[in-house]
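This report concerns only the one structure given below.
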Protein chains: 2
Amino acid sequence: MSVTDVTLDPDVSGCHHYTRAMVRWEPGTAARLYEAALELFATRGFEQTTAAEIAAAVGVTERTFFRHFADKREVLFGGQRMLVEAFLAGVDAAPGDAAPLQVVASALRSAAEAFPDERRSHSRKRQTVIDRNPALQERERHKLAGLAATLGEALRARGVAEPAATLAAQSAMSVFGIAFAQWISAGEERSMGEIAADVLRELSVVTSAG
Amino acid sequence: MSVTDVTLDPDVSGCHHYTRAMVRWEPGTAARLYEAALELFATRGFEQTTAAEIAAAVGVTERTFFRHFADKREVLFGGQRMLVEAFLAGVDAAPGDAAPLQVVASALRSAAEAFPDERRSHSRKRQTVIDRNPALQERERHKLAGLAATLGEALRARGVAEPAATLAAQSAMSVFGIAFAQWISAGEERSMGEIAADVLRELSVVTSAG
DNA sequence: GTCTATAGTGCGATAGAC
DNA sequence: GTCTATCGCACTATAGAC
């Protein structure tokens, strides 16, 4: 039972060799960590992959991994910044006198451009990893909620009052989430833009008082 | 400090199936851990409070804490079960031929009953703790997302098709969240039920096409 | 009830870029 | 000299296994 044979000693190999003599670190470390993490998560599972393994796969230490990402989950969500910017660009593109729903429609059209058909396969792989782990689902919801908050802020900046701004922003996220799930579902061939527009129309029908 | 100002969720864990003769420790351990945790989180902060400290505050071991709650955050979210049941009861209370939006309205009325005015002060305190910690916000969103999924399932069971069922369920959660935030905001005196009804009406206005 | 692995932090040192 | 990315190491807390 004794586990005294723990050869945890991290530095038995002595000094670290830098094969590229003059270059201590390659650029794009975060991006390479993302690629390695997605690959390891997909094959081995999220829980079964340690931060140290991901780091080792790209030739850095565990400590460096945590300098790039606040926690292990975060490695999969760095790209969300582009999505936020796409939504905001869509808000800006809407005419100044557009109703909140029209602004949302414009934001969704802009966001959909970040999901061209070539990316569908990669998105499916990433989502498979997320769908298999509750902790990753939590983080995804957190990111989407942050995006909704940012969208709501942009609407208020255009003069939309509360609670309309928050309702419109959260409705946009619901539509986006449902459309994305449909976009990556098996056999689906319509573009993200087409699907999102359809779901948005359905929202109007469902919520119309009558 | 006193146990009398708590109208809190009795039986947080829902696992008290033994008879008095079998009781070796005080019953309601989960509920007392919840109280102690809320107090410590409020004064010291979530991160700065260890599970061992919460356990010590009610006279049990750290190991016991983790038998009651899967992780440290979970101690604040055990009571959500009642909320789920309130929503589902509201769905069941709606007439069989009601439109999705009417079913949602019924669910919101039922859920609002779980937030009587006497509880407003306690809800404010709990929310202050959650608002100060991202990890707790993530867990809250996870719980609410689970509730949305359950609601969507209940709607599909009534024959509502996709994506209408998911849209209606997520809209219900948006309305609930916005109404709750308003209910606990400073100076607010309207009941949760009144506020939720108003926000739901506003949703219809915002999402109406045209 | 004890023991262990993993997540995640704090800090001083180092190497290259500016 | 400063700035930034990195290493290396000691450390705590969580969570789960035995």
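For clarity, every value in this text was computed on a predicted model and none was experimentally measured. Lettering follows sequence order; numbering is per chain, from 1.
A salt bridge links A/Arg139 with B/Glu138; the closest basic N to acidic carboxylate O contact falls under 4.0 Å. Comment: B/Lys143 engages B/Glu74 in a salt bridge, judged by a side-chain N to carboxylate O separation of less than 4.0 angstrom. Between B/Arg190 and B/Glu188, at least one side-chain nitrogen of the basic residue sits less than 4.0 Å from a carboxylate oxygen of the acidic one, meeting the salt-bridge criterion. Between A/Arg32 and A/Glu35 there is no salt bridge, since no side-chain nitrogen of the basic residue lies less than 4.0 Å from a carboxylate oxygen of the acidic one.
Per the geometry, CZ belonging to B/Arg73 stands 15 Å off P belonging to C/dA7, to the nearest Å. Rounded to an integer number of Å, the gap from CD1 of A/Ile54 to C1' of C/dT6 is 12 Å. Rounded to an integer number of Å, the gap from CD of A/Gln48 to P of C/dA5 is 16 Å. Look at CZ on A/Phe69: it is 10 Å from P on D/dT6, rounded to the nearest Å. Whole-Å rounding puts the B/Glu47 CD to C/dT9 P distance at 8 Å.
Overall bending of the helix from C/dG1-D/dC18 to C/dC18-D/dG1, expressed as the angle between end axes built from five pairs apiece, is 10° (10° steps).
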Which is it for A/Glu202 and A/Asp198 under the side-chain contact (heavy atoms from CB on, under 4.5 Å) test, yes or no, and what are the steps along the way?
-> CA-CA 6 Å; A/Glu202 181 75 6; A/Asp198 284 350; over 6 Å; no
| request: Evaluate the criterion side-chain contact (heavy atoms from CB on, under 4.5 Å) for residue pair A/Arg132 and A/Glu47; output intermediate values, then yes/no. | output: CA-CA 10 Å; A/Arg132 281 206 285 243; A/Glu47 304 278 11; over 6 Å; no
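The shortest distance between the side-chain N/O atoms of A/His68 and the OP1/OP2 oxygens of D/dT6 is below 4.0 Å. Note on A/Thr61: every side-chain N or O is 4.0 Å or more away from OP1 and OP2 of D/dT6.
Taking the side chain of B/Arg63 as heavy atoms from C-beta on, and the options D/dA15, C/dT9, D/dA17, the nearest nucleotide is D/dA17. Closest approach to the A/Ala51 side chain among D/dA17, C/dA7, C/dG10 is made by C/dA7 (side chain taken as heavy atoms from C-beta onward). Comparing D/dA15, C/dG8, C/dG10 by their closest approach to the side chain of B/Asp71 singles out D/dA15. In the set D/dA15, C/dG8, C/dT9, the nucleotide with an atom closest to the side chain of A/Glu62 is C/dG8. Of the candidates D/dA15, C/dG8, C/dG1, C/dG8 carries the atom nearest the A/Phe66 side chain, counting heavy atoms from C-beta on.
Using a 4.0 Å heavy-atom cutoff across all strands shown, A/Thr49 reaches sugar-phosphate atoms only and no base atom. Backbone-only contact: A/Ala70 has heavy atoms under 4.0 Å from sugar-phosphate atoms and none from a base.
For the pair A/Arg67 and A/Thr50, nearest-nucleotide mapping onto DNA chain C gives the more 5' position to A/Thr50.
Between the CG atom in A/Leu83 and the CZ atom in A/Phe115 there is a gap of 5.0 Å [rounded to 0.5 Å].
Of the residues in residues 131-145 of chain B, none lies under 4.0 Å from DNA chain C by heavy-atom distance.
Judged by distance alone, the side chains of A/Ser191 and A/Glu194 do bring a donor and an acceptor atom under 3.5 Å apart. Using modelled atom types, one finds no donor on one side chain facing an acceptor on the other under 3.5 Å when comparing B/Gln170 with B/Ser174.
Between A/Phe87 and A/Phe176 there is a side-chain heavy-atom pair separated by less than 4.5 Å.
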